[in-house]
Student: 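Questions regarding the structure given below will be posed in turn.
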Amino acid sequence: MLTIKKHIAAVLHEKYAALTQNPEFTADDFAGFLEYPPDDKLGDLAFPCFKLSRSLRMGPPVIASKLADGLGDEIIGRVDVVGGYLNFYINPAYLAGSLMPVILEKGDAYGSFDFGKGKNVVLDYSSPNVAKPFHIGHLGTTVIGHSLKKLHEFVGYNCIGVNHLGDWGTQFGKMIVAYRKWGNREQVEAGGIDELVALYVKFHAEAENNPALEDEARAEFTKLEHHDEENTELWKWFIDISLKEYEQTYKQLDIEFDSYKGESFYYDKAPAIAEELKEKGLLTIDDGASIVNLEKYNMPPCLILKKDGSTIYPVRDIAAAFYRKNTYDFEKCIYVTSAGQSLHFAQVFKVIELMGYDWAKKLIHVPYGTVSINGAKLATRTGNVILLKELFAESIEKVGKIMEEKGVTRENKEEIAEAVGVGAIIFYYLSNSRIKDINFILEDALNFDGNTGPYAQYTYARTCSIIEKAGGVPAITPDASMVTNPAEAALLKTLSIFPERVLGALNDLEPSVITRYILDVCAAFNHFYHECQIISADDPKVRDFRVALTACAKTVLGNAFGLICMKKTEKI
Ligand code: ARG
């Protein structure tokens with residue numbers, strides 16, 4: 001569609017330029033003015049002529065009719081003047097002839113770009129806190145972050161996925177105390193992270209009545225900061241146990257990280273930062289703590305070092321930004337966290353800017369809203385938080401049941417149930433603008449008849465089975481005579497929009513653009529499927545064309561699934 005927009009813009013601009021001595025807009029501006037009408041009946045693209053009223057000194061309807069005069073070529077099938085709008089109908093034959101060969105030839109690469117080539121993008125996402133529950137709140141950072149990584153890769157960037165583990169801080173002092181008092185090796189080996197969380201919860205319960213525990217914990221953490229051997233060993237072990245479990249969740253999501261350098265990697269790099277801040281006159285001592293005053297920027301101070309000189313979250317992030325800049329020389333460094341951390345990142349970015357580094361503008365925080373879960377049906381063993389793995393397990397189990405009810409007897413039905421169960425959650429989550437708070441209703445996410453992941457995966461499986469039944473994708477040279485049904489034309493048009501949607505999602509750092517687009521493709525494909533005989537078409541030429549069109553829909557769906565980290569299901 002980008003080519004088509006350019007073409008229409010060029011043709012219109014030529015006419016416009018002939019009507020005025022000093023054109024206010026360029027052909028590129030015109031391409032940007034073109035809109036997708038809300039309703040198919042109003043054409044495939046619309047041009048709002050009121051934008052030109054000022055420079056042409058004419059009313060929009062007059063402009064519209066002047067511009068429409070004589071328009072029409074192999075791309076522009078028809079133009080209607082409706083009020084101040086020009087409604088364009090694209091020649092379906094052109095779409096078939098120019099678009100289908102491109103999709104079929106590019107395959108996995110259809111919709112991609114290469115403008116990111118040779119540039120690095122760092123994405124900091126997921127980043128759970130070790131020995132604390134990996135809960136539903138982390139779903140957002142994990143799937144939005146990974147989706148943004150996929151999007152950046154799709155336009156050519158070299159991406160570095162960083163899991164900035166929360167593996168440092170006073171909670172480790174608490175863990176060490178709790179483990180020594182109430183834990184033992186076998187139990188933790190067997191129970192994994194749940195056992196660690198249980199110890200952590202117990203610590204807090206006990207500390208309510210026995211505040212001395214807090215002092216003990218602080219002392220143990222200080223020992224850890226000073227590389228005490230036993231504490232270091234315990235700390236490493238806690239991390240290993242946690243990672244093992246995260247990896248299972250990441251595997252279900254098909255996520256791999258390029259770096260697991262977490263907060264602990266940066267704590268000894270903080271003093272140098274504090275030193276530089278001091279040299280640059282940015283550091284103030286406030287009640288013993290070192291801070292950067294940000295009053296001028298309407299923000300509370302950014303804490304750099306605590307009274308006792310130990311590091312805290314913000315300074316570790318400042319150190320991490322420097323490390324990443326030096327290591328990856330990034331074009332962008334993206335941080336995906338809940339909106340609750342927006343102030344934290346605003347402060348960190350500001351401090352780096354005040355230190356005089358103009359690359360501070362390449363640091364981007366991508367916030368998202370909160371998640372809640374409806375109904376108490378999702379049991380949890382850890383009190384009032386819902387663990388991500390429990391949500392996945394519940395969803396997979398439910399899909400398994402649905403498959404059983406439907407009498408699915410495939411060999412790999414467990415694998416399918418997992419792909420569909422996890423996909424349902426990803427899709428549901430990524431259906432909304434990321435900043436919106438969402439209330440999770442598992443039944444809705446799993447509804448095969450709704451606008452859900454299972455519905456999308458089912459549509460994908462349908463395209464696969466048609467192609468399989470047809471014995472593969474026939475080699476055809478689409479031509480004008482092949483498009484005989486409006487449903488075919490509508491599907492072609494929807495498929496042509498994919499590259500634009502990729503750019504839209506990237507610009508807004510918004511995976512939901514892709515999720516919504518997937519639903520458009522599914523709707524257009526299913527409409528085509530119900531309107532047109534595909535394999536059973538009498539005319540072999542028509543049949544081959546429709547199978548090839550099905551293959552195009554499959555390619556686009558598959559590519560789009562990849563961008564939101566939803567697995568492709570050949571069969572359901
Ligand atoms: N561990 C933090 C949390 O769970 C998120 C870390 C985000 N990344 C960062 N560089 N601060 O809330």
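Read the numbers this way: they start at 1 and go in the same order the structure lists the ligands and their atoms.
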Student: Quick one: are the ring centres of Y313 and Y266 less than 6.0 Å apart?
Tutor: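 Ring centroids of Y313 and Y266 are no less than 6.0 Å from each other.
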Student: Nearest non-hydrogen contact with atom 7 (C) of ligand 1 belongs to which option: Y125, Y335, Y313?
Tutor: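 Among Y125, Y335, Y313, the closest heavy atom to atom 7 (C) of ligand 1 comes from Y313.
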Student: Do other residues, nucleotides or ligands put more than 12 heavy atoms under 6.0 Å from E206 CD?
Tutor: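 More than 12 within 6.0 Å, yes.
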Student: Return yes or no for this condition: an N or O of E263 is under 3.5 Å from an N or O of ligand 1.
Tutor: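 Such a contact does not occur with ligand 1.
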Student: So if I apply the side chain to side chain contact (heavy atoms under 4.5 Å, CB included) rule between V420 and each of K567, Q457, M566, M403, which one comes out positive?
Tutor: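 Of K567, Q457, M566, M403, side chain to side chain contact (heavy atoms under 4.5 Å, CB included) with V420 is met by Q457 alone.
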Student: What atoms in ligand 1 come closer than 4.0 Å to a heavy atom of D317?
Tutor: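 By the 4.0 Å cutoff, the relevant atoms are 9 (C), 10 (N), 11 (N).
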Student: If you apply the rule ring-ring contact (aromatic ring centres under 6.0 Å, His included), what do you find for Y460 with F561, and how did you get there?
Tutor: CA-CA 10 Å; Y460 181 81; F561 284 9; 5.6 Å; yes
Student: Would you say N129 has any N or O atom under 3.5 Å from an N or O of ligand 1, going by distance alone?
Tutor: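 By distance alone, the answer is yes.
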Student: If you measure every N/O of T337 against every N/O of ligand 1, is any gap under 3.5 Å?
Tutor: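 No, T337 has no N/O under 3.5 Å of an N/O on ligand 1.
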Student: Side chain or backbone of F345 under 4.0 Å from ligand 1, or both, or neither, by non-hydrogen atoms?
Tutor: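 It is the side chain that touches ligand 1; the backbone stays farther off.
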Student: Give the residue, atom name and distance (to 0.1 Å) of the protein heavy atom nearest atom 12 (O) of ligand 1.
Tutor: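 Of every protein heavy atom, Q341 NE2, 2.9 Å lies nearest to atom 12 (O) of ligand 1.
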Student: Pairs of nitrogen or oxygen atoms closer than 3.5 Å, one from D124 and one from ligand 1: do any exist?
Tutor: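 Yes; at least one N/O pair falls below 3.5 Å.
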Student: If I take atom CG from residue L442 and atom CD1 from residue I425, how far apart are they, to the nearest 0.5 angstrom?
Tutor: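 It is 6.0 Å, given to the nearest 0.5 Å.
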Student: Using side-chain hydrogen bond (donor to acceptor under 3.5 Å, both in side chains) as the criterion, point out the one residue from Y125, Y246, Y250 that pairs with N163.
Tutor: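 Answer after filtering Y125, Y246, Y250: Y250.
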Student: Closer than 4.0 angstrom: is that true for some heavy atom of H138 and an atom of ligand 1?
Tutor: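 Contact check H138 vs ligand 1: positive.
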Student: Side chain of H135, backbone of G137: donor and acceptor closer than 3.5 Å?
Tutor: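 Side chain of H135 to backbone of G137, a donor-acceptor pair under 3.5 Å: yes, one is there.
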